[in-house]
Number of protein chains: 2
Amino acid sequence: MTTLSAEPRNCSVARTLEIVGEKWALLALREVFLGNRRFDEMVRKTGAPRDTLTARLKTLVAAGVLERRPVSEHPPRFEYRLTQSGLDLYPVIVSLMEWGDRYLTNGSAPPMELTHHCGHRLGAVTVCSSCGEVVLARDVRPTPLRATP
Amino acid sequence: MTTLSAEPRNCSVARTLEIVGEKWALLALREVFLGNRRFDEMVRKTGAPRDTLTARLKTLVAAGVLERRPVSEHPPRFEYRLTQSGLDLYPVIVSLMEWGDRYLTNGSAPPMELTHHCGHRLGAVTVCSSCGEVVLARDVRPTPLRATP
DNA sequence: CCAGTAAGTCGGAAATATGGACGTACACCC
DNA sequence: GGGTGTACGTCCATATTTCCGACTTACTGG
């Protein structure tokens, strides 16, 4: 018999989405990348319900993507900071933004522009780390698995 | 007064997430990128509830990311194909996968590898289209808006 | 005729999301 | 000292979604 029913794939995409696979999680991250590290600020800038944002931030902190740290004792105030793994989610955010800029602006200018430290507007492209070529879906194939011996 | 309450940002990330900002939508896209274009196959490989997948596919088709086309009349069979805008979501998928491979494999090998047509394992990196440098969050700033006159 | 597959739809229970009010702990100002 | 405002949540009741299993339709193949 062939692998007949193929359980749900446990790939890295699925695993990653367990952590960031929800609108408010990614929008909270967007805010932190933009420098807004405080709860109320995130509520305002994302439009997320306070409860939901609380839950998402907890997940992100538990996953080690954000760190919640006190910035003042009296009054008690906190901020959420990106950890290294959090910083490494930047490509996810920018590729979402890039796509929206291309397909969802309906002719008008993108609602926000980013400037790279090279001085130019950031245009983010995904390239292959081996050959440096722009990655197109049609140029990529899943590597066949070796049979389990 | 300063822009006191700052309505939720309507940025491209938020707009994009209205379409793909949910686990099953992105996993369905992953499957299509892997070549599985059929409904039942997506159900099996993603583990999504059939209803939910139906709903997500409808959204994706409505957004023009996928196209639902008949592949047989008798019996009626359909497949979902990526449109150009759908193909351009590839960077989102690969950057999610890249991150999971880095942070969620717990020491073991990634559950799936991709091969680029250059012959090497695909390592996807996001670079600035102007200077070619790898994009790091700390090297990017939002461009200040011109004041509305 | 029976089994199987593909592509959904349906219904009802369970889980989540949402919005508004509330709580706490201050700071600022008069 | 009292009133107002901000930050960071929590709580509750309702609304919406999700989830699962069963069912439907339309065939093919034996």
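Naming: A, B, ... by sequence-line order, numbering from 1 per chain.
Rounding to whole angstrom units, CZ of residue B:F78 and C1' of C:dT9 are separated by 14 Å.
Along DNA chain C, the nucleotide nearest to A:P76 and the one nearest to B:T54 differ in position, and the one closer to the 5' end is contacted by B:T54.
Contact annotation: A:R50 side-chain N/O to D:dC11 OP1/OP2 distance is not under 4.0 Å. For the OP1/OP2 pair of D:dC27 and a distance below 4.0 Å, the side-chain nitrogens and oxygens of B:R77 include no atom meeting the criterion. Distances shorter than 4.0 Å separate none of the side-chain N or O atoms of B:W24 from OP1 or OP2 on D:dT18. Applying the 4.0 Å criterion to OP1 and OP2 of D:dT10, one finds that A:K58 has a side-chain N or O inside that range. Note on A:T52: a side-chain N or O is less than 4.0 Å away from OP1 or OP2 of C:dT18.
Listed candidates were C:dT16, D:dC20, C:dG19. Nearest to the side chain of A:D51 is C:dG19. Nearest nucleotide to the side chain of B:Y80, out of D:dC8, C:dG8, C:dG19: C:dG8. The side chain of B:R56 approaches D:dT18 more closely than any other nucleotide in the set D:dA7, C:dA6, D:dT18. If you check D:dC27, C:dC10, D:dA7 against the side chain of B:H74, the one that comes closest is D:dC27.
Aromatic rings from A:Y90 and A:F33 are positioned such that their centres are separated by under 6.0 Å.
Annotation: the terminal axes of the helix from C:dC1-D:dG30 to C:dC30-D:dG1 meet at 10°, where each axis is the rotation carrying the C1' atoms of four end pairs onto the next four (5 pairs per end, rounded to 10°).
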